[in-house]
Amino acid sequence: MSLNSSWTPDESSETLLAEKGWLQGTVVSAVAYGIGVALFFMCFHLLFRKMNRTNYKKLLPFLIYITTTFILSTLFMAALADFTQLAFIQYRNYPGGPSAFENLSIPMDNITDVCGVLTMILSDALVVWRCMVIYRGCMVPMWIIMLFPCLMYAASIAMAIMWLLQVTTSAPYFSSTDIDYTIPYLTLSLALNIIITIVIVLRLLTYRRRISKVLGSSYGTQYTSIAAMIVESAALYSTFSVAFLTLFGLNNAISETFLVSLTQVQIIAMLLIVFRLAQGKAWSQDTMTEVMTSRPSAQTTRMGDFGYHLQDGSKTFTGSTGTGAHATYKSKERDSAELSV
């Protein structure tokens with residue numbers, strides 16, 4: 001049986017493409033939610049199993065964090081599914097079709113907006129915190145490194161609140177103004193994640209080069225491998241963000257697919273970071289010491305200048321402080337020898 005073109009809704013091709021993007025985004029979001037559910041229970045199981053009287057103050061905040069995010073993602077997905085059903089089935093003949101129905105401010109749509117914003121705020125806070133942890137021990141003062149990301153984070157929260165008020169209320173100020181807070185809100189949040197992804201990857205690449213130079217490429221791979229850098233930097237979400245911003249900038253209706261699924265993809269990126277933390281594989285302020293002392297012949301390490309002492313001698317390496325480096329070895333032929341490195 002052939003399909004008849006007369007069965008197509010009386011809408012422009014651009015409107016139909018936007019509706020396709022919305023529906024496909026809902027499907028992608030549902031798949032991502034399923035992945036998020038699995039990751040949530042894996043993280044919860046690991047954290048709960050590791051919790052005891054000595055570390056519960058450290059792990060309990062992560063349990064509360066992922067549980068809160070899981071509840072928000074569930075509410076978001078339920079409201080999105082119901083709103084999509086209303087637009088494409090129950091009120092399919094709304095003037096302008098589902099694409100126009102999407103602009104209505106109804107409770108189901110408001111729930112998705114609020115849950116999406118709260119999830120984005122929590123996820124952005126996690127990546128900002130991870131950036132601070134990974135840059136501890138840097139020769140540049142921490143406040144200089146974190147000033148710009150924190151300002152962007154604060155600005156994105158402000159824009160998110162303004163956007164929520166604009167799409168969920170009928171206050172005279174928001175209904176009469178020509179300012180659309182959607183673009184500033186999304187741009188700030190997505191740009192924040194992209195920038196932090198870049199700076200975290202650069203920092204981990206620096207650590208990878210230093211560790212490989214000192215101990216060899218086989219040491220510290222769980223912290224500096226490509227997979228580790230992708231997870232630690234939330235690169236999955238940043239990739240989706242770049243795709244969305246590119247399509248949105250080109251005024252391509254397919255950007256709707258990425259927009260609808262952004263929340264669930266961000267949750268996956270966040271849960272992957274927490275999962276590495278629960279496994280004990282995530283980078284911490286003591287990671288460099290642990291990696292350097294993992295060498296069989298090593299006894300002590302100092303992260304600041306990469307110095308460590310061997311059982312049969314000593315060797316000091318130049319680190320981020322720029323201090324000089326020398327090494328002393330003992331052998332049967334000579335009592336000692338000092339080598340410049």
Side-chain angles (χ1 to χ4, degrees), residues 61-62 65-66 68-69 72-73 76 113-168 174 177 179-207 229-249 255 258-274 277 282-285:
F62 288 109
Y65 181 88
I66 64 174
T68 302
T69 309
L72 289 173
S73 68
F76 175 89
D113 294 334
V114 172
C115 291
V117 166
L118 291 177
T119 300
M120 189 170 288
I121 290 174
L122 289 174
S123 299
D124 288 350
L126 182 68
V127 295
V128 170
W129 171 71
R130 290 304 297 160
C131 181
M132 183 176 65
V133 170
I134 291 173
Y135 270 84
R136 280 177 184 167
C138 181
M139 62 183 297
V140 181
M142 182 60 67
W143 70 269
I144 295 179
I145 296 173
M146 298 306 301
L147 178 62
F148 185 63
C150 288
L151 288 176
M152 287 192 67
Y153 179 59
S156 69
I157 293 176
M159 288 295 102
I161 294 173
M162 298 297 288
W163 177 76
L164 272 181
L165 293 174
Q166 187 174 56
V167 299
T168 60
F174 294 103
T177 183
I179 301 176
D180 185 359
Y181 291 100
T182 304
I183 296 177
Y185 156 57
L186 289 175
T187 301
L188 278 172
S189 179
L190 301 182
L192 172 64
N193 280 270
I194 293 170
I195 291 173
I196 288 183
T197 294
I198 294 173
V199 297
I200 287 179
V201 168
L202 290 176
R203 183 65 168 169
L204 291 178
L205 284 173
T206 301
Y207 278 133
M229 286 186 279
I230 290 175
V231 173
E232 289 278 10
S233 63
L236 174 64
Y237 177 67
S238 296
T239 301
F240 256 70
S241 301
V242 170
F244 165 71
L245 290 175
T246 302
L247 292 171
F248 186 80
S255 62
F258 292 88
L259 177 61
V260 174
S261 56
L262 269 177
T263 298
Q264 299 297 342
V265 171
Q266 188 173 32
I267 290 172
I268 291 176
M270 178 271 297
L271 288 174
L272 286 173
I273 294 175
V274 176
L277 286 167
W283 191 277
S284 69
Q285 58 184 343

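Nothing fancy with the numbering, it's 1 onward along the sequence.
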Check against side-chain contact (heavy atoms from CB on, under 4.5 Å), Gln166 and Tyr185: CA-CA 12 Å; Gln166 187 174 56; Tyr185 156 57; over 6 Å; no
Non-hydrogen side-chain atoms of Leu126 and Val274 separated by less than 4.5 Å: yes
Check: Leu122 main-chain N/O paired with Tyr65 side-chain donor or acceptor under 3.5 Å: yes
side-chain contact (heavy atoms from CB on, under 4.5 Å) between Asp113 and Trp163, intermediate numbers included: CA-CA 9 Å; Asp113 294 334; Trp163 177 76; 3.5 Å; yes
Non-hydrogen atoms of Gln264 and Phe76 that approach each other most closely: NE2-CD2, 3.4 Å
Point-to-point distance, once rounded to the nearest 0.5 Å, from CD1 of Ile121 to OG of Ser156: 7.0 Å
Residues Arg130, Leu277; criterion side-chain contact (heavy atoms from CB on, under 4.5 Å); working and verdict: CA-CA 11 Å; Arg130 290 304 297 160; Leu277 286 167; 3.7 Å; yes
Minimum-distance pair of heavy atoms, taken over all atoms of Met152 and Ile195: SD-CD1, 3.7 Å
For the student: nearest non-hydrogen atoms of Asn193 and Asp124, plus distance: ND2-OD1, 2.7 Å
Atom pair CG (Leu118) and OG (Ser123), whose distance is rounded to the nearest 0.5 Å: 10.5 Å
Leu192 to Pro149 - nearest heavy-atom pair and separation: CD1-O, 3.6 Å
Heavy-atom closest contact (Met270 atom, Thr69 atom, distance): CE-CG2, 3.2 Å
Evaluation steps, side-chain contact (heavy atoms from CB on, under 4.5 Å), between Phe248 and Ile183: CA-CA 10 Å; Phe248 186 80; Ile183 296 177; 3.9 Å; yes
Distance in Å, Ile200 CD1 paired with Met132 CE, rounded so as to fall on 0.5 Å steps: 11.5 Å
Interatomic spacing from CG in Leu259 to CG in Leu190 - rounded to 0.5 Å: 9.0 Å
Non-hydrogen atoms of Val128 and Ile196 that approach each other most closely: CG2-CD1, 3.6 Å
Atom pair OH (Tyr237) and OG1 (Thr263), whose distance is rounded to the nearest 0.5 Å: 7.0 Å
Phe240 CZ to Ile194 CD1 distance, which is reported to the nearest 0.5 Å: 13.0 Å
Sole residue of Thr239, Leu186, Val260 in side-chain contact (heavy atoms from CB on, under 4.5 Å) with Phe244: Leu186
